[in-house]
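Before any comments, here is the structure.
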Amino acid sequence: MPKMYPGYREEVAMKIVAEASALFMEKGYSATTMDDIATRLGVTKAAIYQYHKSKVDLFAAVAGFQRQELAGMLQRSFEGRAVMEGASELFDSLLDYINRSREMYSDVMAVAVHNETIRMILLEDRLGDLAVIEHFIVGQKEKRLIHSSIDSRILAVTCDALITGLMFDVMIGMDPAEAKQIWLNAVDDLLRVHE
């Protein structure tokens, strides 16, 4: 297997995290081994340990990577669109994402029940996600797409709770079209209150 060269350290670190993210999404956290990640990358397991001291450490990096993906998803969904069009596009993007990552999320939630470190990573991840959403809302307010009197933090927490709940409902059998309509109606109501 090829070695990883120090000159490419940052690029290699990102590739490790991206591949680990893909494997965790495909197989779940528990079923993915460091050997699986090394094989996917075509490197030795020891090479990965130069970047991440454990699978838990790598999972924390994956959470950060996926947070960046969320920020990009928000930007792409709303760019050049009215707020409700963006909300519709965001729902579709999140639904696609959750359909691809069901295995990881159901597994990691089960692991977190008995693993304090994973539970703390998930908590930090949620707080990070909320910060991304709140930052996005502030930007939308600056563009005058969301009324300035709306509390950015409260709207971020409300939208996050609503979409998380709806995605869970879809995972256990709710019709995605119904969930999307609930999402759009709720977003419309939340934004209309301050007109």
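Hydrogens, waters and symmetry mates play no part in the numbers below; they use all other heavy atoms, side chains included.
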Inset, instruction - Nearest 0.5 Å please: distance from the NE2 atom of His135 over to the CD1 atom of Ile137. - result: 11.5 Å

Inset, instruction - Spell out, yes or no, whether Val62 and Met109 are grouped together once hydrophobic residues are joined by side-chain heavy atoms under 4.5 Å, including indirect joins. - result: yes

Legend entry - More than 12 heavy atoms of other groups within 6.0 Å of Phe168 CZ: no

Legend entry - Closest contact, heavy atoms only, Arg119 versus Val113: NH1-O, 3.2 Å

Legend entry - Interatomic distance, Met120 atom CE to Glu116 atom CD [nearest 0.5 angstrom]: 6.0 Å

Inset, instruction - Answer yes if Tyr49 and Val56 sit in the same cluster of Ile, Leu, Val, Met, Phe, Trp and Tyr residues linked by side chain heavy atoms under 4.5 Å apart, and no otherwise. - result: yes

Legend entry - Close side-chain approach of Val108 to Phe59, heavy-atom, < 4.5 Å: yes

Legend entry - Side-chain touch Thr33/Lys55, heavy atoms, less than 4.5 angstrom: no

Legend entry - Pairwise side-chain contact, Ser152 with Lys141, heavy-atom cut-off 4.5 Å (strictly under): yes

Legend entry - Gap separating the CG atom of Leu23 from the CE atom of Met104, nearest 0.5 angstrom: 11.5 Å

Legend entry - Joint cluster assignment, Leu130 & Phe78, ILVMFWY side-chain distance < 4.5 Å: no

Legend entry - Beyond-backbone contact of Gln50 with Val12, side-chain heavy atoms, under 4.5 angstrom: no

Inset, instruction - Using modelled atom types only, decide if a donor and an acceptor are shared between the side chain of Arg100 and the backbone of Met25 within a distance under 3.5 Å. - result: no

Legend entry - Close side-chain approach of Ile98 and Val170, heavy atoms under 4.5 Å: no

Inset, instruction - Would you mind reporting whether Met73 and Leu90 have side-chain heavy atoms less than 4.5 Å apart? - result: yes

Legend entry - Verdict with supporting geometry, Leu95 and Lys180, side chain to side chain contact (heavy atoms under 4.5 Å, CB included): CA-CA 9 Å; Leu95 184 62; Lys180 183 175 183 176; over 6 Å; no

Legend entry - Distance in Å, Asp57 CG paired with His52 NE2, rounded so as to fall on 0.5 Å steps: 6.0 Å

Inset, instruction - For Thr39 and Asp36, test the side chains for any donor-to-acceptor distance below 3.5 angstrom and give the result as yes or no. - result: no

Inset, instruction - Hey, could you give me the OH/CE distance between Tyr105 and Met167, rounded to the nearest 0.5 Å? - result: 11.5 Å

Inset, instruction - Step through the shown structure and confirm whether more than 12 heavy atoms of other residues, nucleotides or ligands are within 6.0 Å of NZ on Lys15. - result: no

Inset, instruction - For residues Asp107 and Tyr29, report the shortest heavy-atom separation together with the two atoms involved. - result: OD2-N, 2.7 Å

Legend entry - For the student: nearest non-hydrogen atoms of Ala22 and Arg40, plus distance: CB-NH1, 4.0 Å

Inset, instruction - Please answer: with hydrophobic residues joined when any side-chain heavy atoms are less than 4.5 Å apart, are Val157 and Val138 in the same cluster? - result: no

Legend entry - Heavy-atom closest pair, residues Glu103 and Gly28: CG-N, 3.5 Å

Legend entry - side chain to side chain contact (heavy atoms under 4.5 Å, CB included) between Leu155 and Ile133, intermediate numbers included: CA-CA 9 Å; Leu155 184 58; Ile133 297 165; over 6 Å; no

Legend entry - Between CD on residue Glu124 and CZ on residue Arg67, distance to nearest 0.5 Å: 8.5 Å

Inset, instruction - Begin from the C-alpha positions of Ile182 and Met174 and carry the test side chain to side chain contact (heavy atoms under 4.5 Å, CB included) through to its verdict. - result: CA-CA 11 Å; Ile182 291 168; Met174 180 185 243; 3.8 Å; yes

Legend entry - Where Leu122 and Ala112 come nearest, the two heavy atoms and their spacing: CD1-CB, 3.6 Å

Inset, instruction - Decide whether Leu123 and Leu58 are clustered together by the hydrophobic rule: side chain heavy atoms of Ile, Leu, Val, Met, Phe, Trp, Tyr closer than 4.5 Å, transitively. - result: no

Legend entry - Heavy-atom closest contact (Ser88 atom, Leu184 atom, distance): N-CD2, 3.6 Å

Legend entry - Non-hydrogen side-chain atoms of Trp183 and Cys159 separated by less than 4.5 Å: yes

